[in-house]
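These notes are about the structure you will find just below.
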Amino acid sequence: MAAMMTSMVPVTIRTATPSSSGSTGRGRLQVVAANKMSRPGLDEAGIQQFKTSPTDSGSSSLQVALLTKRIESLTQHLIQNKKDHATKRGLQMLLGKRQRLQRYLKKDDPAMYVKTMEGLGLKIK
């Protein structure tokens, strides 16, 4: 059981529509666990494929990959700690930052965008 808790579980983050959650205003963040095999692991070797050069530390594709790694870590934390609202807010901010970077990457270099999304196992919008 302890080994299962420490492994990374890919999840889907989605915002519920106000009508489905029964409240008005902003959507509610839902954490939905997905199949463990749906996304490749993002260890150090996996991150290397998104670097444009050996010394790359800030390209858009690398930033998206690093943000995805942090998002998966925070999502795993939220699965176990449902009432941690500060972490939930931080996760929402990271999701927004990743979304803006994805939009920029898609506009700036569409081929790299597709390669990055496929490498991370994310939807191509």
Side-chain angles (χ1 to χ4, degrees):
M1 178 115 179
M4 191 182 335
M5 287 184 178
T6 59
S7 65
M8 293 297 293
V9 177
V11 296
T12 303
I13 305 293
R14 59 185 168 179
T15 306
T17 59
S19 61
S20 68
S21 63
S23 65
T24 58
R26 293 187 184 194
R28 191 170 46 95
L29 188 69
Q30 294 178 337
V31 179
V32 182
N35 183 1
K36 288 184 180 182
M37 302 306 291
S38 65
R39 184 171 317 213
L42 284 176
D43 54 352
E44 291 302 318
I47 295 291
Q48 295 299 322
Q49 69 179 344
F50 301 106
K51 289 189 172 189
T52 56
S53 68
T55 59
D56 182 18
S57 63
S59 66
S60 298
S61 61
L62 181 63
Q63 287 183 47
V64 168
L66 292 172
L67 282 172
T68 301
K69 185 176 179 180
R70 285 181 61 195
I71 287 168
E72 288 179 354
S73 173
L74 288 177
T75 304
Q76 181 65 29
H77 172 78
L78 281 174
I79 288 172
Q80 297 172 356
N81 304 290
K82 292 178 178 23
K83 295 185 179 185
D84 189 352
H85 299 292
T87 300
K88 190 181 293 187
R89 181 177 186 274
L91 176 62
Q92 288 174 327
M93 290 170 56
L94 288 177
L95 287 168
K97 185 180 287 190
R98 183 178 72 177
Q99 187 176 25
R100 288 189 301 273
L101 276 168
Q102 287 174 334
R103 201 175 313 139
Y104 168 77
L105 189 59
K106 184 177 182 179
K107 181 179 70 170
D108 189 53
D109 189 358
M112 182 58 91
Y113 170 77
V114 171
K115 180 182 172 190
T116 303
M117 295 300 107
E118 288 175 350
L120 292 171
L122 298 174
K123 283 186 190 177
I124 298 174
K125 295 181 181 178

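Each residue takes its place number in the sequence, starting with 1. Note that the structure is predicted; figures quoted are calculated from it, not measured.
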Hydrophobic cluster membership, with links at side-chain heavy-atom distances under 4.5 Å among I/L/V/M/F/W/Y: are Ile124 and Tyr104 in one?
no
Test of understanding: with side-chain contact (heavy atoms from CB on, under 4.5 Å), list the residues that count as partners of [X], not counting sequence neighbours.
X	result
Thr55	Ser53
Ser59	Thr52, Asp56, Ser61, Leu62
Leu74	Thr87, Leu91, Leu94

Quick one, Gln102 and Lys106 - any side-chain contact, counting heavy atoms below 4.5 Å?
no
State, yes or no, whether a side-chain contact exists between Leu66 and Phe50 at a heavy-atom distance under 4.5 Å.
no
Distance (rounded to the nearest 0.5 Å) between [X] [atom1] and [Y] [atom2]:
X	Y	atom1	atom2	answer
Ile47	Gln49	CD1	CD	8.0 Å
Arg98	Leu105	CZ	CG	12.5 Å
Leu101	Lys97	CG	NZ	8.0 Å
Lys82	Lys88	NZ	NZ	10.0 Å
Leu95	Arg100	CG	CZ	10.5 Å

Who are the side-chain hydrogen bond (donor to acceptor under 3.5 Å, both in side chains) partners of His77, not counting sequence neighbours?
Asn81, Asp84
Enumerate, atom names and distances included, each donor-acceptor pair closer than 3.5 Å involving a side-chain atom of residues 107-116, sequence neighbours excluded.
| from | atom 1 | to | atom 2 | distance (Å) |
| --- | --- | --- | --- | --- |
| Tyr113 | OH | Lys125 | N | 3.2 |
| Thr116 | OG1 | Met112 | O | 2.7 |

